[in-house]
Amino acid sequence: MSVTSEKEKSVPVYILSGFLGSGKTTLLVQLIEHWQQAGLRPAVVMNELGEVNLDGQVVDAEVPMTEMLGGCICCTVRGDLGLQLADLVQEESPDVIVIEATGAANPMEILDAVTETSLYMRLELKSLITVVDAAHLSGLYQEQKGQTFKLMQEQIRCASVLILNKTDRVGEQEISDLQQLLTKWNGFAPVIQAVRCEVDMDLLLQSGDGVHAYQAAAESDHQEAATEHVHTEACSEHGCGHSHEHHHEHHHENHTPHASHEHVMVYTHYFNQPVNSEAFERFIAGLPRDVYRAKGILSFSDTASRFWFQYAYRESDYMKITPQGDVPNVAVFIGEHFDQAVIRHQLLEMESINQA
């Protein structure tokens with residue numbers, strides 16, 4: 001009887017994975033609303049590459065949330081995630097916890113960390129949900145090369161349920177081909193097609209109930225993918241065990257470039273002045289293809305409101321927002337081998353024009 005009682009007290013944990021811009025945060029918001037409507041108290045762990053929790057700004061302020069910012073997942077996750085989960089459970093008593101992983105992470109690291117934490121806490125890992133951008137995967141699969149392709153493949157293989165998102169951006173034949181591809185890479189996970197991650201939440205949570213560590217994860221390509229993590233200055237603080245083939249530079253004025261391991265680069269820009277909204281929109285529309293994700297919170301010189309913006313796979317979106325707490329005007333750019341100096345120069349030029 002005591003065993004059953006202990007099991008009933010276990011807090012279910014869901015991991016959201018998927019490459020940058022796939023729609024994880026959209027799904028997170030919908031999951032939170034679903035649980036709240038069911039009378040449950042959800043809590044969130046957010047992991048981002050940048051120094052500011054931008055995705056967290058779209059989460060209901062009443063939802064308990066803890067942040068893991070600016071750190072590489074391989075360095076910080078095992079120690080920090082365990083502490084974050086312990087604090088959430090003890091201080092907030094949530095009914096369910098959802099972890100949104102940075103899009104540049106191998107979710108096996110988080111899966112392993114949650115599993116280890118559950119050894120000394122009453123946590124039950126329920127599902128690892130991977131969101132897949134249909135158009136992005138289609139383009140990467142046609143090339144079948146690059147670290148991004150390998151990382152996305154690993155994220156798919158680790159999943160217990162897959163959401164093939166943004167299906168409105170590809171044709172019917174492509175959807176059929178992608179469905180077969182996902183089944184080939186991960187024969188355990190059911191595939192749910194969606195637009196804007198609008199799915200039957202009960203079906204989603206039931207479909208992914210039970211995490212399957214795909215057996216290919218133990219093969220050589222997993223060992224290769226295991227090194228595909230983003231490293232920032234947190235590596236030196238947390239004793240990263242991975243080799244570093246780069247140097248960190250720290251400039252804490254209005255810009256913070258991050259050299260990163262392998263292919264993923266992050267540039268965080270803090271604004272000293274508001275910029276013109278039309279000029280900024282033109283700048284975002286003209287970003288190089290090497291920048292595949294951008295997001296931020298901005299005050300524009302020609303509008304009274306503050307805006308949350310996001311950019312993914314050549315499309316951008318803007319939304320009025322009232323930030324929670326003291327959030328600076330900031331933009332984060334994520335991509336592969338892009339010229340950070342050019343982006344910084346363009347943004348500083350916009351600021352100077354407005355100041356003049």
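Note that this is a predicted model, so its numbers are computed, not measured.
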Quiz prompt | Side-chain heavy atoms of V98 within contact of W35, under 4.5 Å | solution = yes

Quiz prompt | Beyond-backbone contact of E33 with M201, side-chain heavy atoms, under 4.5 angstrom | solution = no

Practice problem: Using a 4.5 Å cut-off on heavy atoms from C-beta on, say whether the side chain of L347 contacts that of Y270. | Solution: no

Quiz item: Just checking, any donor-acceptor pair under 3.5 angstrom between side chains of Q193 and Q179?
Solution: yes

Quiz item: If we only count heavy atoms from C-beta on, is the E100 to I15 side-chain gap below 4.5 Å?
Solution: no

Self-check item: Contact summary for L88 and P64, nearest pair of heavy atoms
Solution: CD2-CB, 4.2 Å

Self-check item: CD1 on I284 to CZ on F333, rounded to 0.5 Å
Solution: 5.0 Å

Quiz item: F149 and E143: side-chain contact (heavy atoms from CB on, under 4.5 Å), yes or no, with the steps?
Solution: CA-CA 9 Å; F149 173 70; E143 296 181 7; over 6 Å; no

Quiz item: Under the side-chain contact (heavy atoms from CB on, under 4.5 Å) criterion, do L182 and L137 qualify, and how do the steps go?
Solution: CA-CA 10 Å; L182 294 177; L137 175 58; 3.9 Å; yes

Quiz prompt | V89 to I97 - nearest heavy-atom pair and separation | solution = CG2-CD1, 4.0 Å

Quiz item: Taking all atoms of both residues into account, what is the closest heavy-atom pair of P42 and I32, and its distance?
Solution: CG-CG2, 4.1 Å

Quiz item: Looking just at side-chain N and O atoms, do S160 and S127 make a donor-acceptor pair shorter than 3.5 Å?
Solution: yes

Exercise. Report yes or no: do L40 and L27 belong to one cluster of Ile/Leu/Val/Met/Phe/Trp/Tyr joined by side chain heavy-atom distances under 4.5 Å?
Key: yes

Exercise. Measure the CH2-CE distance between W185 and M152 for me, rounded to the nearest 0.5 Å.
Key: 8.0 Å

Quiz item: Are any non-hydrogen side-chain atoms of R293 and K295 less than 4.5 angstrom apart?
Solution: yes

Quiz item: Charged N to carboxylate O below 4.0 Å: is that the case for K166 and D133?
Solution: yes

Quiz item: Does the side chain of T25 reach to within under 4.5 Å of the side chain of Q310, using non-hydrogen atoms?
Solution: no

Quiz item: Under 3.5 Å, is there a donor-acceptor pair between the Q173 and D177 side chains?
Solution: yes

Self-check item: Heavy-atom pair of closest approach, residues G39 and D95
Solution: O-OD2, 4.4 Å

Quiz prompt | Verdict with reasoning, T130 to Q155, per side chain to side chain donor-acceptor pair (under 3.5 Å) | solution = CA-CA 7 Å; T130 294; Q155 291 173 341; over 6 Å; no

Quiz item: Going by the angle between their ring planes, with limits at 30° and 60°, are F300 and F307 parallel, tilted or perpendicular?
Solution: tilted

Quiz item: Quick one: CD1 on I99 to OG on S17, what's the gap to the nearest 0.5 Å?
Solution: 11.5 Å

Self-check item: Residue from I297, L298, L348 passing side-chain contact (heavy atoms from CB on, under 4.5 Å) with F271
Solution: L298

Exercise. Please name the pair of heavy atoms, one in Q30 and one in C197, separated by the smallest distance, quoted to 0.1 Å.
Key: OE1-O, 2.7 Å

Quiz item: CG/L16 to CD1/I129 distance, rounded to the nearest 0.5 angstrom?
Solution: 5.5 Å

Exercise. Check whether any side-chain heavy atom of Y267 sits under 4.5 Å from a side-chain heavy atom of R344, and report yes or no.
Key: yes

Quiz item: Do we see a donor-acceptor contact under 3.5 Å between the side chains of E351 and H269?
Solution: yes

Practice problem: Could you tell me the separation between the NZ atom of K24 and the CZ atom of F19, rounded to the nearest 0.5 Å? | Solution: 9.0 Å

Quiz item: Looking at A159 and A189, what are the two nearest heavy atoms and their distance?
Solution: O-CB, 3.7 Å

Quiz prompt | Heavy-atom check, side chain of L162 versus side chain of V132, under 4.5 Å | solution = yes

Quiz item: So, N165 and R196: side-chain donor and acceptor under 3.5 Å apart, yes or no?
Solution: no

Quiz item: Taking it one step at a time, do S207 and I192 satisfy side-chain contact (heavy atoms from CB on, under 4.5 Å)?
Solution: CA-CA 9 Å; S207 298; I192 302 175; 4.3 Å; yes

Practice problem: Show your reasoning for whether side-chain contact (heavy atoms from CB on, under 4.5 Å) applies to L205 and Y14. | Solution: CA-CA 9 Å; L205 297 176; Y14 294 85; 3.6 Å; yes

Quiz item: Going by the angle between their ring planes, with limits at 30° and 60°, are Y292 and H136 parallel, tilted or perpendicular?
Solution: tilted

Quiz prompt | Separation of I353 CD1 from N276 CG (nearest 0.5 Å) | solution = 9.0 Å

